[in-house]
Structure formats: C-alpha cells, structure tokens
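We name chains A, B, ... by the order of the sequence lines, and we start the count at 1 in each one. All of these numbers come straight from a predicted model, not from anything done at the bench.
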Amino acid sequence: MRIYNTLAGEKEEFIPVTPGQVRMYSCGITAYDHCHIGHARSAIVFDVMRRYIKYRGYDITYIRNFTDIDDKIINRAKQEGIAWDAVAQKYIDEYYRDMDMLGVGRADVEPRATEYIAEMIEIVSGLISKGYAYESEGSVYFEVAKFGGYGKLSKRDLEDMLAGARIEVNERKKNPMDFALWKSSKEGEPAWESPWGPGRPGWHIECSAMSLKHLGVTFDIHGGGADLIFPHHENEIAQSEAFTGKPFVKYWVHNGFITVDKEKMSKSLGNFFTIKDILNKFDSEPVRYFLLSTHYRSPIEFSDEQLKEAEASIDRYYTTVLRTRDFLAQAVTVEKSAPDEKVLEDLLGRFIPGFMEAMDDDFNTALAIGGIFELIRVLNKYMDGKPAGAKASSLINRAQDLLKEAGGVLNIFNRTPEQWYKALMVSKNISLTEADIEAKIADRRKARADKDWTAADLIRKELEEKGIILEDKKDGTGWKVKV
RNA sequence: GGCGACGUACCCAAGUGGCUAAGGGGGAGGUCUGCAAAACCUUUAUUCAGCGGUUCAAAUCCGCUCGUCGCCUCCA
C-alpha cells in the first residue's frame, strides 16, 4: 500500500510500526452544531480507509474522538440556555444519527476530551518541567520557539508566520505563535482543578493525550480535514514529540474540502449544507457514493446535480443486480455459452487484483468504482448474449460475489434492489404504495391481454408522472423508481 | 506578502514517462420492444489551460505565462 503522507509531501510505502498491526486516529467533531457534508466526507473517507486496511489483512485499532469542551460549546450553551455538557451530548447524539445513516462505522474507541483531563494535566505538567511550556495567569502555553521541528507538517517556518501578521496580540503569551495547553476559566465557566488553578484544556492537547493513552507513543496514521494541518496537527506534533521525545505519527493523511461555487464550504461563509438537509432530499447511498467518486485529497464541488448523477450510477448498479437475479431464476434447460464468455471470465479473474491495485494506491476509490462499472458493463453484455446453463450461472454468481466484496469495502452497493427502490420512494416522496403500483400493473396486464394499447399506455404514463417506470419482461412487468 | 494545490470531452472524474487517454452522467444514431423501459452497439478528447524545454518517447518531468482555489484566524 502507498499512502500520501502530508509530512513527507509525497506518497510513501505503508509500513506499520508493528508488522500486521495498524493504529489509526482521526479527529472527530467539536460537538456544538449540526454536522455538514464536509464532516461527512471526512468521516466517510476514514471509514473506508479503515475498512480497506482491515480487508488487506491488518489488525487495525481505530480511534475517533469527540471534543466535548471548547469555547464554541460554551457559547452555544449560553445561546440555547442549557448546560455545556447537554450541548455536547445533544450534538454527539445527532452525529451518531447522521453517521449511522451514512454507513460510517463506530470507531474502536471514541474518547471524549473531558474524560481525559487527568492525562492532559500530566502532559502539560511534563511539558512545563521539560521547559517547553510556561504558566501565565492561570493558563499554560506551549512555547513554539523551543520546539525545533515546529512547522514541519504545514511546511512553514516560524519567521514567516510572524511576518505574516494576522495574529492577535495576547499579553499572556511570550510569542504570538505560542498556543494554549490549558486555559484558565472565568467565573461561571466550566472548570476542572489543576496545578494552575481552575481551568479547561486547550483544543490541541486532547488528541495528544487520548492517542497516547490508546495508541501509544508512536502510531501509524493520523487523519483529519486539510484545514486541521495548521495549527491543530502542527501543535499536536509539537506537544506530543516534546513530551515523549519520540516521533508522534508515521503517516499524516488529510482529506480535501467540499466546495460550493468553487469556494470552500464553511460556517463563516454560510454556504454549508447539513447532512440532515441533504438526507431529506437524497438517500444516503448516493451521498456516500458521491463522496467516494472523487479521490479523497481532491476538492469536490457539491451540488444537487452531482447527487442526481450519483443516483443514476447507483441505479445502474442495482438494475444490473436485478437482471442477474432474474437470469439466475430462469429454469435451466440447455447449456449455451455466450460470445463474451471469455471476456467476462478474464475480467472476473483480474477484478479483485485491479480493485486492490486501485485502493493500494493511496485509496483511489474513484478508480476502484470505475472498475466496478467496467464489470457491470461486461456482465450486461454477457447476459445480452443469452447464455444458459450451469457455466453461465456460475460466472454470474461469481460476478455477484466479487461485486459484493468490493462494495463491502466501500460500504456501498450492499443492499437489495428492492431496498434501493424503497429508499428511492422515500427520498423522492413517491405518493404511491407498492400495492397501488401492483394494482395498476394488474389493470394494465388486462388491457394488454385485450390488446388495448391505449389503455395500457395510459397506465404507464400515469405511473411515470408519479415517478414510477414500468418494465415489461418476458414473465411479467417489473417496476422501478425513476431517478 | 509567505506556503501549497489544481486546470483532462457538453458535465463529473481516473490516469503523473511508453499498451486504443478508465468509469459515470448527458447528447445523437441504431439493435431489441405492440409502444416503452432496461441493456447493448456506434458516435461525442489525434488530445490533456497556453507557450517553450528535457527525452527515442510527456497529459505525465522542468521553466515561464494565464486562470481558479486553499492554508497562514475557529474550521472536516
């Protein structure tokens, strides 16, 4: 496997610290507001990395944290007139609802910052005694000038950053770039006892404490959105490496942003879409597919148009699944090979190697999906040749298994066509029930038997206007939701 | 100002030195069908923002130009 390492600035061969074992950490959310599609991208990307690493035979431990104490949470609590921890809990619950919908699995450990106050205090104390941090009016700051490697992840040097202005002056800091490890709390704010008086942890220290506790001194993969590279991840490196004296993380991976009208989706611009809003209009599978159809490091332009295309692609997939099922259900009478048997056989042989080659190359899900649709096309073409018998059934079964295997890693394409159509009926607000549709199909069957084509076509048209497409097959009429 | 990324067909999107430039969506024509739908076939990039260079060979490496975006402040 090759992984693009932000620290190295290039793809590197993946060699875990401990052979056969992978330890991975990704930055979760600060629980103070609804999650938007950008959070979904990050969560899905790391979910797929985790699934693939596991598929590749590694024993993986995956940690994803929740920041449950922070200025934004405190402000939100004031706004909503509820306790800060109630705010955190509310948005964590909501996060789980969103992620469950999107097929994002739970991490092995999902620590919350406030459960690790003691560990954080220990690190902060250690950093003070080692001379990397100083206390000032009840707060503790990390002195970046003392840490030689500062800037190595974000590729910038301290001098340039100081010259770059846009840094607020803070009387308590020795240097404007110094960052808070521990913040003294004002009266009425949540606070924990510490050697420096009542206060709360700074944002960055929690990830250092929780990863150290669960993954050890040096671990394999640390991920997050590209906007966390600086300052968050840079600061994590400084704290952790200053404290342990050992390398913090071997591979840093960062996902790209979602854009709207070419601009980064962000709270301040107000151009964001919450996961909830999107799932009101679209089923979750097209959303997940859409986010995986572009390489994780590239920007993705978000639009309804794109989601509709994703819907069409998924529909193509399930339509083919339905077709293979109809095919396998046919009574076998004779053994007949189709002209493209060899082509299909060849492709079946190299499908999984091709899938792995794509995923091994820095988790190229876009290429992997391309391979899936290549198989879909070849499979359809093969069935067009009207093969029959045991050999044909075995090839088609094999194709289905392989598609399921690849889909399992991406966690898409793993429903039945019926579940897909049902989901579409919900997301598209189809007013008909399945019984309504079946009744119309029965009416139309009668009309067709009487060769009353006008009446038959009228029923077809009527259903189409309500979003249902009829398909006449040899042994009856099927239906599907129009995408 | 500093650092970085990107620019591939009508749209989305792989491909980063050498097999016919993946795949999806859309358009046009066709096969099939009572009509459709689905599927399949043909077609839609002699060319990868532009210019110049390196090389037997470049979308892929180097340089310049143009354009777009990001980080440098909380941010997935």
Provide, to the nearest angstrom, the distance between the [atom1] atom belonging to [X] and the [atom2] atom belonging to [N].
X         : N      : atom1 : atom2 : value
Phe351(A) : A22(B) : CZ    : P     : 18 Å
Arg297(A) : C71(B) : CZ    : P     : 18 Å
Lys473(A) : C35(B) : NZ    : P     : 19 Å

When we call it a touch if two heavy atoms are under 4.0 Å apart, what does [X] touch: a base, just sugar-phosphate, or nothing?
X         : value
Arg448(A) : base
His295(A) : sugar-phosphate
Arg64(A)  : nothing
Ile258(A) : base
Lys451(A) : nothing
Ile469(A) : sugar-phosphate
Gly225(A) : sugar-phosphate
Met383(A) : nothing
Ala366(A) : base

Nucleotide of [options] approaching [X] most closely (side-chain heavy atoms):
X         : options                : answer
Phe373(A) : G34(B), C11(B), G23(B) : G23(B)
Pro231(A) : C35(B), A76(B), C74(B) : C74(B)
Asn364(A) : A76(B), U68(B), A14(B) : A14(B)
Asp227(A) : A76(B), A14(B), C40(B) : A76(B)
Asp472(A) : G70(B), A37(B), A36(B) : A36(B)
Leu367(A) : A76(B), A38(B), A14(B) : A14(B)
Ser313(A) : G24(B), C74(B), C35(B) : G24(B)
Glu471(A) : A38(B), C75(B), C35(B) : A38(B)
His39(A)  : A38(B), C11(B), A76(B) : A76(B)

When you compare C41(B) with G25(B), how far apart are their P atoms, in angstrom units rounded to a whole number? 13 Å

Between A49(B) and U60(B), how far is it from one P atom to the other, in whole Å? 8 Å

Considering only NZ, NE, NH1 and NH2 on the basic side and carboxylate oxygens on the acidic side, decide whether Asp178(A) and Arg172(A) come within less than 4.0 Å. no

Is Asp384(A) salt-bridged to Arg323(A), cutoff N-O under 4.0 Å? yes

Taking atom types as modelled and ignoring hydrogens, do the side chains of Arg76(A) and Tyr91(A) form a donor-acceptor contact shorter than 3.5 angstrom? yes

If only side-chain N and O atoms count, and only distance matters, is there a donor-acceptor pair under 3.5 Å linking Thr6(A) with His254(A)? yes

Ignoring backbone atoms, test whether [X] places a side-chain nitrogen or oxygen under 4.0 Å from the OP1 or OP2 oxygen of [N].
X         : N      : value
Lys264(A) : C71(B) : yes
Arg377(A) : G23(B) : yes
Asn380(A) : C40(B) : yes
Arg316(A) : G23(B) : no

So with a 6.0 Å cut-off around CG of Asp261(A), is the heavy-atom count from everything else above 12? no

For Arg41(A) and for Gln306(A), find the nucleotide of RNA chain B with the closest heavy atom, then tell me which residue's nucleotide is more 5'. Gln306(A)

Anything under 30° is parallel, anything over 60° is perpendicular, the rest tilted; go ahead and classify His222(A) against Tyr25(A). tilted

